[in-house]
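Below, each value reflects all heavy atoms present in this structure, side chains not excepted, and no hydrogens, waters or symmetry copies. Treat the numbers as computed from the prediction; the structure is a model and nothing was measured. Within every chain, numbering begins at 1; the chains are lettered A, B, ... in the order of the sequence lines, protein sequences first and strands thereafter.
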2 protein chains.
Amino acid sequence: MPVTLKEVAERAGVSRSAVSRTFTDGASVSEKMRTKVEKAARELGYSPNALASSLTTGRTKLIGLVSNNFHNPIFLEVFDLFTRGLQDRGLRPLLVNLTDERDPENSVRMLRQYSVDGVVVASSTLPPEFALAFRDAGVPVVHSFGRASSSPKVHVVGIDNVETGRMAARALMARGYKHVAFLGGPRDATSTQDRHKGFVEEMALHPDVRLTESFAKAYSHEAGRKEMLRLLDDQPAEGYFCGDDVLSIGVLSAIKDKGLSCPDDIGIIGLNDMEMSRWENIDLTTIHQPIKQIVNSSIELMVAMLDEPDRYPEARIFPCSVVERGTLPELPA
Amino acid sequence: MPVTLKEVAERAGVSRSAVSRTFTDGASVSEKMRTKVEKAARELGYSPNALASSLTTGRTKLIGLVSNNFHNPIFLEVFDLFTRGLQDRGLRPLLVNLTDERDPENSVRMLRQYSVDGVVVASSTLPPEFALAFRDAGVPVVHSFGRASSSPKVHVVGIDNVETGRMAARALMARGYKHVAFLGGPRDATSTQDRHKGFVEEMALHPDVRLTESFAKAYSHEAGRKEMLRLLDDQPAEGYFCGDDVLSIGVLSAIKDKGLSCPDDIGIIGLNDMEMSRWENIDLTTIHQPIKQIVNSSIELMVAMLDEPDRYPEARIFPCSVVERGTLPELPA
DNA sequence: TTCGTTTTTGCAACCGGTTGCAAAAAGCTA
DNA sequence: TAGCTTTTTGCAACCGGTTGCAAAAACGAA
C-alpha cells in the first residue's frame, strides 16, 4: 500500500494542502515549507497518485493510442516514436488494439471510462468514423496517417496519398514500362482509394500504357504474396506500385517463388520506407513517408489540443519522396 | 464533460448508491431498480469512471506493459498478443518504452503514480533488477521472456535459454561442420549468457570442432549485420547460431553483401521463429519460441496474481524446437 | 393480520487528492 | 512600532465513485 498525502502531512506536521501544493508547480509555497515537506516525502517514499488528482483537475495525462494493424512492422516504429514522444511530455499511452473491432462506440466507451485526455488514432485503414466518434464524445483526437479531407472534422496528420499515387506512376513511367499495375491494400481503406486515384490519374496521361489493378486484403506480407501469386499465373505487368512496403515484400516473395527476378523481370515500388526496406537483403525501392515527422507533429497537435480543446481542426500534410533502391531498374541517365 | 453517477441518480430519482450498485456486479439490487437506473443511464449516456472507482476499490485494471526493444519485429507480435489478451480480460495495457532508461526506480515511480494493478516486463534484455524493483514496490509483476532462476524472486514465463543453446549446437553438429560460431546478442542480457552457456556446453562434447564466439550490440538487424561484416573479413565459420531472428536476418544480409550464399557457404540458425522468418524470401532456419503460449501464460499468471498478490513465485518454462527451413543445409538422411 | 426474516435502499463516511477563501504570517514603509 | 500589502497556510468542500451500517420494504409463515 502506497504512502498517501495525509501521511506525509502528518509526518511533516503540516496541512494536507501544503503537501499538495509542494507537488503542484506554480502553487504558492515558502522555501521553508517546501524543504520540510520534501524531506518527509522522501523519507516515506511518497509519490502522488496521478489518478486521484485527475479527479479534481480533470486531467489524467493518459492518451489513448488506437491502432489496428499489428502485422505491419511499420507500426513498431510508430509505437516507438509515439511512446517516447508522449513520455517525454509527461503523457502516458494507453494502447488499444482494434483488430476485429467494428463498432466505434465501443472503443469510445472504453477510453472514456479511463478518462483519457485525448486519443491518437494511428492507422491508415481505420475508417474516419472512429476518429469522429471520439470527437463527438468530446475527446480531443488526432488521426495520424488519416485522410486529409477538404473540410476536416478532426485533426489529421499524414501525407497526400493521391500525390503518392502520381509519384509512383511517374517513377514507373520513367522506366519506360508499357504495362504497369496498381496492387493496392484493402479496398475500403481511404489510403488505398487515394493512392489508387492518383495512380490512375497520372496514368491517364499515358493512354498507350496498359494499366491493371488489383487489391490485397490487408497491408500485410501474406496478403501481398497471395495476391501476387494469383496475378503471376495470368499475364503480369512489368512494374507494380504496391500498397505499402510490407505488402511489397510479400510481392517480392511471390516473384522469387515463381523463379522470376526483381527488377529484371518485374519492377516494384512500395510506400512507407520502413526500416526494414533499407535492409540490404530487401533493398526496396519505395516512397518515403516521413513517419517521424508525422508522429511528432501528431503529438504536438495533441498537446496543443489539451490546452485548447476546441481548436479549429487542421490537416498537416508532409511531403513524400521516392527512394531509389534495388527493386526498380536504374534510371536511364 | 461526461455524465456522472449523481446525474443518473437524480434522473432516476434514486440514491447514488443505488446507481453505483447497478453497475457493480454482485451487488444487491432489485430488478425494478435495475431497469429504472439502466434506463436513466442509457438516456444520459452514462458510463462509470473507472479511475474514480479505483480510488475506493484499489483496482485500476491498468497493467503496465514494459519493454525496451522497439526495433525487433517480434515485439509487434508480442504487443498484439498482450493487448488483445489483456483487453479480453477487461484489463488495459499502459505501454512503457524503456529504451534509454537505466534506472528501475524511475519506472517504478512512474507506474505507481498511475496505480497500475500489475506490471508485465516483456523483454529478454532488461536486467532482472527491473522486475525486482516492481516486486519490491509491492506491485504484482511477471517477467515474460526473462531468465528462470533456480530460486526465482518474481514470476517468470519463458524458455530455457541454456537448452536452446544446446539445441542450436546439435543442429549445427548434425550438418557435420568443423567450425561453428556463436554470434550472440548483447553480452549483458541474461538470454545471451544462457544461450551461450548451453552452446558452449554442448560443443564441449565435440573437442575436434573449432568454436568461435562473438556478440552483437543489440538484438537488431543492424547490429547483426555489422558484426557479421566484421567477422567475414577474417576467417568465418561454416555455421552460426545467431542471437535471435532479427539478428540472423542482419547476418544474412551481410553474407549476401559479401557475395557469399546461405546455406551453401555459410549456414545460419536463429531463435524465435517470428512471423517474418516464415516469409518465403527470408526462410530462416530457427528455433521456435512459443510466444503465444508465453504471452497467454503471462496474462493468466497476472490475472491470478491480482487476486492473490503474495502468490509464491513460479517459473513457467515452455519447450522450444528447431524449425527446419532454408538457411541450413538439409539433414543427411 | 401479525411478527420475524430476508432483501433492498439510502445515509454518510471515505478513497487521495485539489482549490477557493479567509485567517495568519511575513514583509515593507514610514 | 504601527499600519498596510503581500505571501503563505489551513479549513472545508469537492471531484466521482464505493461500502458498512441501519432503516425501510418485501416476503413468508403462522
Is it the case that B:Tyr46 and B:Thr4 place a side-chain donor and acceptor less than 3.5 Å from each other? no
Under a 4.0 Å heavy-atom criterion, DNA chain C is touched by chain B from C:dT8 to C:dG16
Within residues 14-32 of chain B, those residues having any heavy atom closer than 4.0 Å to DNA chain C are B:Val14, B:Ser15, B:Ser17, B:Ala18, B:Arg21, B:Ser28, B:Val29, B:Ser30
Distance col, row A:Glu129:CD vs A:Glu105:CD, nearest 0.5 angstrom, shows 11.0 Å
Got a donor-acceptor contact below 3.5 angstrom from the A:His143 side chain to the A:Ala148 backbone? no
Numerically ordered, the residues 42-55 of chain B set in heavy-atom contact under 4.0 Å with DNA chain C is B:Leu55
If each end axis of the helix from C:dT1-D:dA30 to C:dA30-D:dT1 is fitted on five C1' pair positions, the angle between them, to 10 degrees, is 30°
To the nearest 0.5 Å, atom OG of B:Ser20 lies from atom CG of B:Leu5 at 6.0 Å
Review point. So, does B:Thr24 use its side chain to make a donor-acceptor pair with the main chain of B:Ala27 at under 3.5 Å?
Key: no
What one should report as the nearest heavy-atom pair of A:Met305 and A:Val141 is CE-O, 3.5 Å
A:Val108 and A:Ala137 have their tightest heavy-atom pair at CG1-CB, 3.6 Å
The reported gap from CG in B:Asn296 to CG in B:Asp88 (rounded to nearest 0.5 angstrom) is 9.5 Å
Here the salt bridge (Lys or Arg N to Asp or Glu O under 4.0 Å) pairs for residues 132-144 of chain A, sequence neighbours left out, are none
Taken in chain and number order and not counting sequence neighbours, the residues that satisfy side-chain hydrogen bond (donor to acceptor under 3.5 Å, both in side chains) with B:Arg11 are B:Glu43
* To do: Answer yes when B:Glu314 and B:Arg316 have at least one side-chain N-carboxylate O distance shorter than 4.0 Å, and no when they do not.
  => yes
Check whether any side-chain heavy atom of A:Asn49 sits under 4.5 Å from a side-chain heavy atom of B:Ser115, and report yes or no. yes
